Number of protein chains: 2
Amino acid sequence: MPRAATTTDVFNAIAEPRRREIIDALRGGRVHAVGELVKKLRIPQPAVSKHLGVLRRVGIVSASRYGRHRLYQLNAEELKSVHDWVKTYERFWTHQLDRIKERAERKAAERLGHKSRVAKDEEEKPW
Amino acid sequence: MPRAATTTDVFNAIAEPRRREIIDALRGGRVHAVGELVKKLRIPQPAVSKHLGVLRRVGIVSASRYGRHRLYQLNAEELKSVHDWVKTYERFWTHQLDRIKERAERKAAERLGHKSRVAKDEEEKPW
DNA sequence: CAATTATATTCCTATATGGGAATATGTCAA
DNA sequence: TTGACATATTCCCATATAGGAATATAATTG
């Protein structure tokens with residue numbers, strides 16, 4: 001099986017650096033014509049259009065016409081799913097002290113026999 | 001040019017759903033043998049090994065030996081770059097009120113002639 | 001209508017999958 | 001040593017790029 005399409009979900013869509021650049025350029029709610037993005041990011045116009053196409057299919061951006069221009073706008077809420085997922089790991093790099101404390105607490109609990117319960121079908125491993 | 005390798009960076013590595021499942025399974029700091037992941041996630045062993053290989057090359061997990069087992073451990077800090085990037089968009093979906101207020105403030109500023117300064121080489125667009 | 005401008009689409013190509021099957025490697029146990 | 005077990009690697013293949021070049025489509029202007 002090949003890799004999932006870039007339009008499968010937001011995670012795949014933002015894996016491409018240039019697409020993240022485009023997203024960043026659209027930050028602040030300002031709409032941008034394709035040509036502006038081309039000039040700003042120095043990416044060939046067809047490439048920008050293609051990347052915008054991917055982002056649009058995933059829902060990260062939406063487009064509207066303005067004369068012969070096409071204006072793109074960010075729908076940043078679509079990035080929420082990524083944020084929600086990665087946020088659950090936030091504690092691993094913030095608050096070093098909390099982490100240490102947490103470990104100490106876990107060990108203390110073990111000493112007191114308050115091991116976290118193990119699911120029935122899950123054997124106790126020696127590690 | 002083909003898509004960037006999955007081992008290019010964390011963004012590409014986590015684009016694959018099964019790799020995120022593996023990461024999630026390793027949460028909590030507990031080490032896991034490959035076989036445990038296979039049973040837990042119901043993914044064929046070669047697939048698990050391959051995905052772990054990708055994650056290891058990117059640095060998201062690290063491995064150690066224990067007899068004939070290989071124990072994998074999460075290095076969640078590697079996910080920080082993703083968090084840092086997506087976090088800058090957090091305000092777009094949290095605090096609805098703040099967003100409304102912000103827009104109102106921007107409009108007010110415009111009324112007062114306090115437009116955000118425009119870079120010299122950036123023309124004023126009609127939109 | 002013709003020329004121009006803005007953007008999208010099509011073609012082509014080299015490359016990197018991800019899964020399945022089979023097999024190799026490594027380690028322990030009798 | 002010989003199995004048996006745990007994990008990694010290799011092969012094969014269908015598929016989805018991402019970029020470049022060329023072209024098509026759309027809208028404006030004269």
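In what follows, every chain begins at residue 1, and chains take the letters A, B, ... in the order their sequences are listed. These numbers come from a predicted model, not from an experiment. Side chains included, hydrogens not; waters and symmetry mates left out as well; all remaining heavy atoms used.
Under the 4.5 Å side-chain heavy-atom criterion for Ile, Leu, Val, Met, Phe, Trp and Tyr, A/I23 and B/V10 are members of the same hydrophobic cluster.
A donor-acceptor contact under 3.5 angstrom links the side chains of A/W127 and B/E36, judged on distance only. For B/T88 and A/R27, the side-chain atoms include at least one donor-acceptor pair closer than 3.5 Å.
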Take B/K87 and B/E90 through the test salt bridge (charged side-chain N to carboxylate O under 4.0 Å, His left out) and record every step on the way to the result. CA-CA 5 Å; B/K87 189 174 168 42; B/E90 193 176 20; 2.8 Å; yes
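Atom CG in A/L37 sits about 14 Å away from atom P in C/dA6, given to the nearest Å. Rounded to whole Å, atom C1' of C/dA24 lies 14 Å from atom NZ of B/K50. Straight-line distance from the CD atom of B/E21 to the C1' atom of C/dG19: 15 Å, rounded to whole Å. For the pair B/R57 CZ and C/dT17 C1', the interatomic distance rounds to 12 Å; values are reported in whole Å. When rounded to the nearest whole Å, the span between CZ of B/R70 and P of C/dT25 equals 14 Å. The nearest whole Å value for the distance from the CG atom in B/L52 to the P atom in C/dG19 is 13 Å. Going from atom CG of B/L55 over to atom C1' of C/dT17 covers 15 Å, rounded to whole Å.
In summary, the aromatic rings of A/Y89 and A/W93 are positioned with their centroids too far apart to meet the 6.0 Å limit.
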Between the protein and nucleotides 2-4 of chain C, list the N/O to N/O atom pairs that are separated by less than 3.5 angstrom.
none

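Side-chain contact between A/Q73 and A/V61: absent, with no pair of heavy atoms (C-beta onward) separated by less than 4.5 Å. Between B/W85 and A/L79, some side-chain heavy-atom pair lies under the 4.5 Å cut-off. Contact check for A/I14 versus A/L55: no side-chain heavy atoms found under the 4.5 Å cut-off. Side-chain contact between A/T6 and A/R19 is present, with at least one heavy-atom pair separated by less than 4.5 Å. Side-chain contact between B/Y66 and A/P126: present, with at least one pair of heavy atoms (C-beta onward) separated by less than 4.5 Å.
Contacts of B/R56 with the nucleic acid, taken as non-hydrogen atoms under 4.0 Å apart, are absent. Residue contacts for A/A33: at a heavy-atom cut-off of 4.0 Å it reaches the sugar-phosphate backbone alone, with no base atom in range. A/Y72 comes within 4.0 angstrom of the backbone, heavy atoms only, and of no base. In this structure, A/P46 reaches the bases: a heavy-atom distance under 4.0 Å links it to at least one base atom across the strands shown.
Each of A/A63 and A/R3 was assigned the nucleotide of DNA chain C with the nearest heavy atom; the assignment lying further toward the 5' end belongs to A/A63. Nearest-nucleotide assignment on DNA chain D puts the 5′-proximal partner with A/M1, out of A/M1 and A/Y66. Judged by closest nucleotide on DNA chain D, B/V34 is the one of B/V34 and A/A5 placed further toward the 5' end.
In this structure, A/R65 does not reach the C/dT7 phosphate: none of its side-chain N or O atoms is under 4.0 Å from OP1 or OP2. Here A/S49 does not reach the OP1 or OP2 of C/dT7: none of its side-chain N or O atoms lies under 4.0 Å away. Checking the phosphate oxygens (OP1, OP2) of C/dT7, a side-chain nitrogen or oxygen of A/H69 falls inside 4.0 Å.
Here chain A contacts DNA chain D (any atom closer than 4.0 Å to a heavy atom, that is under 4.0 Å), and the contacts span D/dT15 to D/dT29 from 5' to 3'.
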